[in-house]
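Read the structure below first, then the notes.
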2 protein chains.
Amino acid sequence: MTETRRGRPRKAEVDAEVLRLATELLLERGYGGLSTDEVAERAGIAKTTLYRRWPTKDHLALAVVRRLQDHDEITDTGDIERDLVDYMEKIAAGLDRMRTAGGDPGRSAGTVAELVAAGARHDDVGELGREMYARRNALACRLIEGARERGALRADLDPAVLLEQLAGALYYRVLITGEPVDRAYAERLVATALRGALA
Amino acid sequence: MTETRRGRPRKAEVDAEVLRLATELLLERGYGGLSTDEVAERAGIAKTTLYRRWPTKDHLALAVVRRLQDHDEITDTGDIERDLVDYMEKIAAGLDRMRTAGGDPGRSAGTVAELVAAGARHDDVGELGREMYARRNALACRLIEGARERGALRADLDPAVLLEQLAGALYYRVLITGEPVDRAYAERLVATALRGALA
DNA sequence: CCCTTTCCGCTACCCGCGTAGCGTATAGGG
DNA sequence: CCCTATACGCTACGCGGGTAGCGGAAAGGG
């Protein structure tokens with residue numbers, strides 16, 4: 001399984017140090033303030049060395065964000081409404097984690113939007129991003145299916161559609177309208193989705 | 001009301017011609033393929049003349065898209081479910097209108113994502129974009145409120161939340177998961193949102 | 001011990017966005 | 001008729017992302 005390494009091995013410290021510096025710049029100054037030239041210079045390496053590891057700035061930025069997001073878990077209390085509200089809040093907190101230093105809470109649109117665009121520019125970046133979502137959504141899907149099996153939710157409910165309604169509304173607010181996402185909104189959102197709109 | 005113009009007036013044909021060329025490039029090659037240098041050269045004007053009218057490439061691209069999108073109307077048949085499905089399809093069609101030439105239908109993520117990012121980069125671009133959405137959503141809100149007043153929808157329903165659920169799910173698919181949006185999906189989505197998830 | 005492979009740092013370069021500064025053209029206002 | 005404000009075209013430049021090509025360094029394999 002372990003591929004035999006040929007040729008001169010990479011300096012191991014470089015990856016960690018570059019990610020550290022890139023994280024610092026991204027969180028401090030936002031996506032536009034993250035410069036590959038500056039990261040390379042501060043890390044004391046040649047730009048070409050950086051580009052050998054991350055073929056574009058977009059790849060580097062995604063790597064940074066992945067490290068910031070890899071902590072999510074989902075709690076299952078048996079109260080589906082409460083669990084979904086918690087899940088929404090966790091997503092919002094994750095988005096908030098990549099807002100610019102000094103920026104208003106709930107206003108992380110810049111970096112998120114740039115990453116979405118990055119995913120559209122490079123297939124592999126988009127694929128990696130989608131994997132992040134897929135893993136998280138798989139957990140949430142199980143949550144919903146559990147509730148459905150014990151009779152709390154409609155038998156014909158498609159968990160994916162419900163999740164898209166909920167997470168979609170969140171992202172719509174963050175990316176498009178720019179309105180903040182707080183717990184009060186998460187509660188209204190989940191309540192509306194669960195109870196439906198029909199009289 | 002009409003401000004008296006001082007100084008040399010702008011050449012009127014330039015605006016139309018630049019928008020024409022920019023539209024062509026944007027639809028043909030996508031956001032990255034739209035180059036201010038090339039537009040200016042093809043239009044036979046100096047780059048500075050272009051930048052006097054649109055202060056950044058992002059502003060120019062938004063102007064192009066606004067022209068492409070200004071046709072939307074909403075039909076009110078009295079059947080709220082059908083009207084909402086139609087509305088979802090109109091949004092999807094609008095997104096599709098700015099996909100790259102030769103690209104798969106439903107795969108307009110690139111340009112849309114870049115525009116969202118552009119809105120985050122420049123406050124005024126974001127504001128203009130939000131105005132586009134606000135106008136369209138105001139119409140849809142009236143549709144929903146009409147249905148609510150005649151008793152078809154819950155009295156305590158917040159129209160804005162319902163709209164965010166629906167449009168949000170659409171954009172979530174287009175921007176994040178990259179899955180296509182067709183009429184079948186619109187129907188499932190609206191049905192789930194209206195009937196709710198609870199058993 | 002050489003050979004190949006990969007990495008590294010360096011310099012030099014292209015491209016696209018956006019700006020600065022200049023001389024000139026063209027309008028309205030006194 | 002001049003004055004001022006604005007537009008225009010031009011050249012030159014700065015910045016950031018990304019690539020090409022070189023000489024040299026560090027590993028494994030025959």
Side-chain angles (χ1 to χ4, degrees), chain A residues 2-18 21-22 25-26 28-64 110-111 114-115 117-122 124-125, chain B residues 2-18 21-22 25-26 28-64 110-111 114-115 117-118 120-125:
Chain A
T2 45
E3 306 220 354
T4 40
R5 286 277 176 215
R6 294 292 314 270
R8 175 177 173 175
R10 291 189 179 167
K11 231 189 278 177
E13 325 88 70
V14 167
D15 299 66
E17 175 66 0
V18 167
L21 287 166
L25 281 182
L26 186 65
E28 201 97 0
R29 307 193 202 152
Y31 202 86
L34 171 63
S35 146
T36 55
D37 278 36
E38 184 169 356
V39 169
E41 196 202 327
R42 283 214 213 172
I45 61 168
K47 227 185 355 167
T48 47
T49 298
L50 192 160
Y51 274 96
R52 198 170 296 115
R53 289 163 162 83
W54 298 277
T56 75
K57 167 177 167 173
D58 288 337
H59 289 77
L60 174 59
L62 179 68
V64 166
T111 302
E114 298 287 357
L115 284 171
R121 282 189 287 260
H122 319 282
D124 53 346
V125 172
Chain B
T2 44
E3 304 219 355
T4 41
R5 286 273 174 219
R6 293 294 312 270
R8 175 177 173 175
R10 290 187 180 168
K11 232 189 281 180
E13 325 88 69
V14 167
D15 298 68
E17 175 65 3
V18 167
L21 287 165
L25 281 182
L26 186 65
E28 202 95 1
R29 307 193 202 153
Y31 201 86
L34 170 63
S35 146
T36 55
D37 278 37
E38 185 170 356
V39 169
E41 195 202 328
R42 283 216 215 171
I45 61 170
K47 228 184 358 166
T48 47
T49 298
L50 192 161
Y51 274 97
R52 201 170 294 117
R53 288 163 163 83
W54 298 276
T56 75
K57 167 177 167 172
D58 287 337
H59 289 77
L60 174 59
L62 179 67
V64 166
T111 303
E114 297 288 357
L115 284 171
R121 281 189 288 260
H122 318 283
D123 285 344
D124 52 347
V125 172

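Remember, predicted model here, so these are calculated numbers, not experimental data. Residue numbering restarts at 1 for every chain, and letters A, B, ... go by the order of the sequence lines.
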note = With sequence neighbours left out, the residues meeting side-chain hydrogen bond (donor to acceptor under 3.5 Å, both in side chains) with A:T49 are none
Qualifying residues under side-chain hydrogen bond (donor to acceptor under 3.5 Å, both in side chains), relative to B:S35, sequence neighbours excluded = none
request  = Scan for ring pair (Phe, Tyr, Trp, His ring centres under 6.0 Å) pairs involving residues 29-55 of chain A, sequence neighbours excluded, and state none if there are none.
outcome  = none
task = Tell me, please, which residues at least two apart from A:D37 pass salt bridge (Lys or Arg N to Asp or Glu O under 4.0 Å).
result = A:K47
ask   = Could you write nucleotides 6-17 of chain D as a row of B, S and -, 5' to 3', where a protein heavy atom under 4.0 Å of any base atom gives B, of only sugar-phosphate atoms gives S, and otherwise -?
value = BBBBB------S
task = Mind listing the closest non-hydrogen atom pair of B:L21 and B:V39 along with its distance?
result = CD1-O, 4.0 Å
query = Can you pull the contact range of chain B along DNA chain C, 5' to 3', using atoms under 4.0 angstrom from its heavy atoms?
reply = C:dC17 to C:dG28
query = Excluding sequence neighbours, so at least two apart, what forms side-chain hydrogen bond (donor to acceptor under 3.5 Å, both in side chains) with A:R29?
reply = A:E38
key: Partners meeting side-chain hydrogen bond (donor to acceptor under 3.5 Å, both in side chains) with A:R6 (sequence neighbours left out)   = none
